[in-house]
Structures are given as C-alpha cells and as structure tokens.
Amino acid sequence: MGIVRQFAVETPYLRYTGDVIPPSKAHAARRSNARALGLVGALCALVGSVFVGAAVGPAAAAKEGTGPVDVLYAGSLVGLMEQGIGPAFDAETGDTFSGFSGGSDALASEIKGKTQLADVFVSASPAVNATLEGDANGDWVSWYATFASSPLVIGYNPTSPFAAALRSKPWYQVVTEPGFVLGRTDPATDPKGELAVEALTRAASEYHQPSLAQLTTGTSGVYPEQSLVGLLQAGQVGAGFFYASEAKAAGIPTISLGSIHYQGEYTVTVVNRAPHAKAAQAFVAFLFGRLGRSILDHDGLRLMTPPKVTGAGKVPRALRASLRSK
C-alpha cells in the first residue's frame, strides 16, 4: 500500500504537516498491540479522503519495520504516547508501538522484578533510572537521556462547584475547603506524587496554612497516575496535581502554584537486554527526530536541546547522532 507524502492534515489530536499520515483515531487502552491493524484502515481512509490544501507528492512504498517495541512510560504521557508518538512512529517506521503506562517508580520495579518486558523506558524523573543501574539493581539501565520537562500545576474540572473559586482565589485557600477533593498520585510509586507532597508541605509553611500539610497524610485523594485524568474528567475529583503538558494533552484547565515551583523531567533509555533492541533504537531515534520533537513540543513539553545524556559512553553507536543537538 502506498503512503501519501508531503501533505498537511488535521487530526483530533494534532495537526501534522510533513511526511507521515498518522491514524485519525487512536484508542486509549494501556496496551496498544492492536494499533497495527487500526493504522492500516486509518491510513487508507485518510489517503482517500483528506487532501484539502495538500500538495500531494508521488506515493512511496510502505516501510517494513523490524518488529514490535514495548515501551514502558510515565502515566502522565498517556495522551501523548497513545494518540501522538505511538501512531506517528508506526507510520514512519513500519514498527509497532506497544505501550504500557504507570508511575515511573512502579514501572522501574516491574522491570527489575521481570513482571513487565521492556524495550524502552520513559520515566518522569532522572532519579528513577538510578534504581535500575548497576549489578545490585539488575543492570537494566546503563545510560539515559533527559529530554524534556514540564511544570507541576493544579488541573481542575471546569464543572466543579469549586472551579470559580480556583480561578479567583489563591489555590492554597480553596483546596482546604470542606468537600474539596484534591487528587494526587502515590509518592511511593510516582515522582509526581513526591512533588505534590513537597509542594503542599512547602506551601503550608510559606502561606501559613498548616491544614495543607494534612493533605499529605493518609490515602484520601491518592490515585494511580494513569487514572487521575479520567477521574477528574468524570467529576469524581474536583482538581489534582498534574504536569502542564499532561493537562494540555487532556484539555484540562490549570492554575499555577504561584511561588511554588516544581517540575517533572522526562528521560528515555533503551533497556539492557531489550527483546527488540533494533526497534527500541528506532523508537528513540524517532523521538528525537523532526516529527517526534514536533509532537513533544505541541504538547507543551519544554524540550532540552541537546538532551542531557547520562552515561554517554554506553549509548548505542546507532543512537549517538540522534542525541546530539538538532
């Protein structure tokens, strides 16, 4: 099947202009093994129907990939990976993205415990990679690239009875009101949960609001990272701690934390002994390529150019050029 090149096309997730036609729809399942079949149908539909304002070049043969790539990634990247990076990677390379999301610390534990096979690991904190480095930790990671960051914010449901107050009053006064449910992730499994606890503890001191510190205790309002967006959108949580890029991808309005500044920092690595090492390297190269970076930028991630590489001497030779400044 030919793939149309040199075009401009709008999808529900992102407007792409370039060489690749991504699927027009992407499911939100945590595992995306079925994407290859959906991609074929979506490409056919788009090739036959979307040409408004497009300059269509000669058709090119579909690329044959090296196989599937299992990517374990931070739950704050669900929308980005499942609706943006994954489909575009499939179309660009012919490989098959298969994603599994969760708290970064929890995913690292699953890699170490061999309960999840991983070719690529994308975390939301450089520190998580240390738990997979060295013989004592199974020697799963030898290098990683820190490639983007995103500030911690409060995202809220615009239909919440507290929405107007969040827009007009200091957040630290509103979140302690009776009946307010402030969602956060588990600090034991997710770096964002750790940042939320730090932000509340610091705000309690800076703003002289001791009741904020009480929100860091117990399990009330604590949810799995990959579930918090859905719970907020369903109205089960009025507001929660998110990364700004995560909220943007989900269409969630946000407010800043004022003088409290924290951020997530995203890293990527090819896991040692990856079952699909060649496809894993292709995924990382795509992530740092022109289209991959444009998708990351569209979601509001603050890209690091060049990415900060830890353990540069262990980077596979095939990836070294991709990790240099563009």
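Values below: every heavy atom of this structure, side chains too, minus hydrogens, waters and symmetry copies. We count residues from 1, following the sequence as given. Note that the structure is predicted; figures quoted are calculated from it, not measured.
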Any side-chain heavy-atom pair from E133 and W140 closer than 4.5 angstrom? no

Under a plain distance cut-off of 3.5 Å, with no hydrogens placed, do D105 and T131 share a side-chain donor-acceptor pair? no

Distance-minimising heavy-atom pair for S245 and L301: OG-CD2, 3.3 Å

Should F100 and V71 be marked as a side chain to side chain contact (heavy atoms under 4.5 Å, CB included) after you check the CA-CA gap, both sets of side-chain angles, and the distance that decides it? CA-CA 6 Å; F100 188 85; V71 181; over 6 Å; no

Find the distance between CD (E177) and CG (L166) and round it off to the nearest 0.5 Å. 8.5 Å

For T96 and P68, indicate whether the former's side chain and the latter's backbone hold a donor-acceptor pair under 3.5 Å. no

In Å and rounded to the nearest 0.5 Å, what is the CD to CG distance from E110 to L117? 11.0 Å

Can you check whether E225's main-chain N or O pairs, donor with acceptor, with D190's side chain at less than 3.5 Å? no

Can you list the steps and then say if M304 with F147 is a side chain to side chain contact (heavy atoms under 4.5 Å, CB included)? CA-CA 5 Å; M304 298 182 184; F147 64 92; 5.6 Å; no

In sequence, state the C-alpha distance, the side-chain angles, and the governing distance for D297 and L303, and then conclude on side chain to side chain contact (heavy atoms under 4.5 Å, CB included). CA-CA 7 Å; D297 181 69; L303 301 183; 4.2 Å; yes

Check: N129 side chain, P126 main-chain N or O, donor-acceptor pair, under 3.5 Å: yes

Looking at side-chain heavy atoms only, is the closest gap between N157 and V237 below 4.5 Å? no

Exactly one candidate in E265, E246, E198 meets salt bridge (Lys or Arg N to Asp or Glu O under 4.0 Å) with K192; the answer is E246

Would W171 and F180 show up in the same hydrophobic cluster when neighbours are defined by side-chain heavy atoms closer than 4.5 Å? yes

Single-linkage hydrophobic cluster, 4.5 Å side-chain cutoff, Y223 and L195 together: no

Atom pairs and distances, donor-acceptor, side-chain atoms in residues 212-219, under 3.5 Å, two or more places apart:
residue: T216; atom: OG1; partner: A213; partner atom: O; Å: 2.6
residue: T217; atom: OG1; partner: Q214; partner atom: O; Å: 2.8

Without swapping roles, check the side chain of D119 against the backbone of D70 for a donor-acceptor pair under 3.5 Å. yes

For the residue pair E206 and S259, confirm or rule out a side-chain donor-acceptor distance under 3.5 Å. yes

For the backbone of D139 and the side chain of N137, can you confirm whether one donor and one acceptor N or O come within less than 3.5 Å of each other? no

Starting at CD of E82, measure out to OG of S101 and round the result to the nearest 0.5 Å. 7.0 Å

Greater than 12 external heavy atoms within 6.0 Å of K112's NZ: yes

Quick one: are R184 and V197 in side-chain contact, heavy atoms under 4.5 Å? yes

Taking all heavy atoms of F97 and all of D90, pick out the closest pair and write down the distance. N-OD1, 2.7 Å

Establish whether I252 and V181 are linked, either directly or via other cluster members, by ILVMFWY side-chain heavy-atom contacts under 4.5 Å. yes

Validation row: Y144, T146 side chains within 4.5 angstrom (heavy atoms): yes

Value rounded to 0.5 Å, distance of CG in L296 from OG in S294: 8.0 Å

As a test of understanding, state which of Y73, F288, F89 forms a ring-ring contact (aromatic ring centres under 6.0 Å, His included) with F283. F89

Close side-chain approach of V78 to V229, heavy-atom, < 4.5 Å: no

Flag side-chain contact, heavy atom, 4.5 Å: V128 against P191: yes

Just do the side chain to side chain contact (heavy atoms under 4.5 Å, CB included) check on V270 and W143 with the steps written out, would you? CA-CA 8 Å; V270 174; W143 66 274; 4.0 Å; yes

How many angstroms lie between atom OG of S227 and atom CD of Q236, to the nearest 0.5 angstrom? 10.0 Å

Scanning both residues in full, the closest heavy-atom pair of A249 with D299 reads CB-OD2, 3.3 Å

Is there a path of hydrophobic side-chain contacts, each under 4.5 Å between heavy atoms of I/L/V/M/F/W/Y residues, joining F242 to L257? no

Distance-minimising heavy-atom pair for T254 and A247: CG2-CB, 3.4 Å

Could you report the tightest heavy-atom contact between H298 and K248, atom names first, then the distance? O-NZ, 2.9 Å

Test Y266 against every option in S150, S123, S76, S104 by the side chain to side chain donor-acceptor pair (under 3.5 Å) rule and name the one that passes. S76

same_hphob_cluster(Y156, L228) at 4.5 Å side-chain heavy-atom cutoff: no

On a heavy-atom basis, which atom in V153 and which in I255 lie closest, and how many Å separate them? CB-O, 3.5 Å

Taking side chain as C-beta onward, heavy atoms only, is L182 less than 4.5 Å from L200? yes

Can you tell me how the ring of Y172 sits relative to the ring of Y207, calling it parallel under 30°, perpendicular over 60° and tilted otherwise? parallel

Would a 4.5 Å heavy-atom cut-off, applied to side chains only, mark T185 and E194 as touching? no

Any donor-acceptor pair under 3.5 Å linking the side-chain atoms of T305 with those of R293? yes

So CG of L152 and OH of Y262: to nearest 0.5 Å the spacing works out to 9.5 Å

